[in-house]
Amino acid sequence: MRLPEFSYVAPRSLAEACTTLEEMDGKAAVIAGGTDLLQPLKEKLKRPHYLVDLRSIPGLDEISYDPKEGLTLGAMVSLRHLAASRVVKQTYPVLAQAALEVATAQIQAMGTVGGNLCQDSLCLYYNRSAASKKGLELCLKAGGDVCHTVKGSGKCWATFCSDLAPVFLVLGARIKIVDKDGERVSPLAELYSGHGRRPLTLKPGQVLTQIMVPPVTGSDGAVYLKLRLRQSIDYPALGVAAGIRVKEETQKIAVALTGVEKKPLLFEKELARDQTIGEDVIRVLAEQAYAQAHPLNNLRDFTPKYRKEMVPIYVRSALQQALHWGGQ
Amino acid sequence: MERITLNVNGQSHQLNIKVNETLLDVLREQLGLFGTKKGCDSGACGACTVIIDGEPALSCMILAVRCQGREILTIEGLAPEGELHPLQESAIEHGAVQCGFCTPGWLMSAKALLDENPAPSRREVQAAIAGNLCRCTGYKQIEDAILAVAKK
């Protein structure tokens, strides 16, 4: 498959990248690792006039850690480097583990943290070859006005399937977004629009440059569980991250889901620090997750019913394991 | 057209490429390096695996223009002309080659693994080649072939 024609821009600075992206006004796509972008380009699902490469911008692939500030990851850190980083393995092992759950060794070496968080949502009716779409009306995600997954709904239901997003969410990560006017820091959850067609809130000219993860204490714990058919390559049919973050006076229990909605879902509960996290808390979170997860028939493996039934089971198991890791 | 320099198997090549060409197409069509296979051409099968700066990469999923100044190793560069790499010898010995289409890809994945971790466990070998689909061998022979080299 040949790639369509486009112009290639390799800016030397973030300012240059942001200006270029804004001038192109939606006609440009950012390329980081490229693993999530090249296939839709080959299938002519996306037709950007320009590709703006972040690889030539210095400083975006750095990992730094400070016990007071926490972990700072450049958006261009590869999943392979994330998983191999000594400080990540020691202090945030769940991140290293989740990075190794993504696709394959080759894609981990090419794909980036920023790219994984900004990956496009998936749908069997969209992510397929032009030939196999013959006779199908153009769907909303491809620029048409029907949805084949939820017929008659009038909106796009493509599913968001990043493995890292739920993990960063339960760790309480924040992101840095840069545009030509400056930068702003916001909670990771604000990156996601909840729309299948355009799952990100980024506007033309805005680039995700950093992910900041707060410091952890000895009593914190987090895990990521992934439901999939094969031990490699698969996107999550369901991914559940759970984390306990203990602060001075309180403790936060968080559960995040991927692969079951148009955006990653986050459920949090705050308790007093000395309160025991018991069955009641676990049950409430499992019930909330079950109620809000909407797995659909637009991913390849498992039935939506099975994936939905697995939600509370995975949530319970993830929470119990996170508690165990946290020593509770 | 873009004029770029590609370092492939220790040799530097001046090439005129289009920015929308993948590394795989440039390797095969401009440099005549047909050892790197085009399987699915969509990042799923691993037949096009090469090593870029010491890391396994899918040449069908990377633009050639992004490979300037990086060290690319393909199956042709695995051993000197007329010789076989220990991994290749071991593949023959263990019956790890049948139709041969996936072979260059998993050999490059294995080479990248052993360069980084000379004594991997079977699990680590499995993780390293999980992105290389083989429809003939059932993987057992491939794992054995890699582990045999690792032990030497």
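Chain identifiers are assigned alphabetically (A, B, ...) following the order of the sequence lines, protein sequences preceding nucleic acid strands; residue numbering begins at 1 within each chain.
Only the side chain of B:Glu116 has a heavy atom closer than 4.5 Å to any heavy atom of chain A. Within the 4.5 angstrom heavy-atom criterion, no atom of A:Leu37 approaches chain B. If you measure heavy-atom distances from B:Ile52 to chain A, you find no contacts under 4.5 Å at all. Neither the backbone nor the side chain of B:Cys48 has a heavy atom closer than 4.5 Å to any heavy atom of chain A. Heavy atoms closer than 4.5 Å to chain A are found in the backbone of B:Ala128, but not in its side chain.
Residues of residues 3-18 of chain B never come closer than 4.5 Å to chain A when only heavy atoms are counted. Against chain A, the residues from residues 97-112 of chain B that qualify, each with a non-hydrogen atom under 4.5 angstrom away, are B:Ser109 in number order.
Within a 6.0 Å radius of CZ in A:Arg300, no more than 12 heavy atoms belonging to other residues, nucleotides or ligands are found. When the shell of 6.0 Å around NZ of A:Lys44 is examined, it contains more than 12 heavy atoms from other residues, nucleotides or ligands.
Contact record, B:Pro56 with A:Ala105: CG-O, 4.4 Å, taken as the closest heavy-atom pair.
Separation of atoms CG (A:Asn127) and OG (B:Ser42) is listed at 11.0 Å; rounding is to 0.5 Å. Rounding to the nearest 0.5 angstrom, the gap separating the CD atom in B:Glu2 from the OG atom in A:Ser7 is 10.0 Å. With values rounded to the nearest 0.5 angstrom, A:Leu38 atom CG is found 10.0 Å from B:Asn20 atom CG. Rounded to the nearest 0.5 Å, atoms CG (B:Asn132) and OG1 (A:Thr104) are 8.0 Å apart. Here the straight-line distance linking atom OG1 of B:Thr22 with atom CZ of A:Arg2 works out to 7.0 Å at 0.5 Å rounding.
With B:Asp41 contributing its side chain and A:Met1 its backbone, the two residues share a donor-acceptor pair below 3.5 Å. Listed for the A:Ser232 side chain is a donor-acceptor partner under 3.5 Å among the backbone atoms of B:Ala130.
Counting heavy atoms from C-beta on, the side chains of A:Asp53 and B:Val65 never come closer than 4.5 Å. Using a 4.5 Å heavy-atom threshold, the side chains of A:Gln106 and B:Met61 count as separate.
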B:Leu58/A:Thr35 under side-chain contact (heavy atoms from CB on, under 4.5 Å): CA gap, chis, key distance, verdict: CA-CA 9 Å; B:Leu58 299 170; A:Thr35 52; 5.8 Å; no
Evaluation steps, salt bridge (charged side-chain N to carboxylate O under 4.0 Å, His left out), between B:Glu21 and A:Lys42: CA-CA 11 Å; B:Glu21 281 183 291; A:Lys42 286 182 182 184; over 6 Å; no
side-chain contact (heavy atoms from CB on, under 4.5 Å) between B:Val19 and A:Glu5, intermediate numbers included: CA-CA 8 Å; B:Val19 293; A:Glu5 304 263 331; over 6 Å; no
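Annotation: maximal heavy-atom pairing with chain B below 4.5 Å, among A:Arg55, A:Gln108, A:Arg230, occurs at A:Arg55. Here B:Arg66 is the residue among B:Gln126, B:Arg66, B:Glu55, B:Lys38 with the most heavy-atom pairs under 4.5 Å with chain A.
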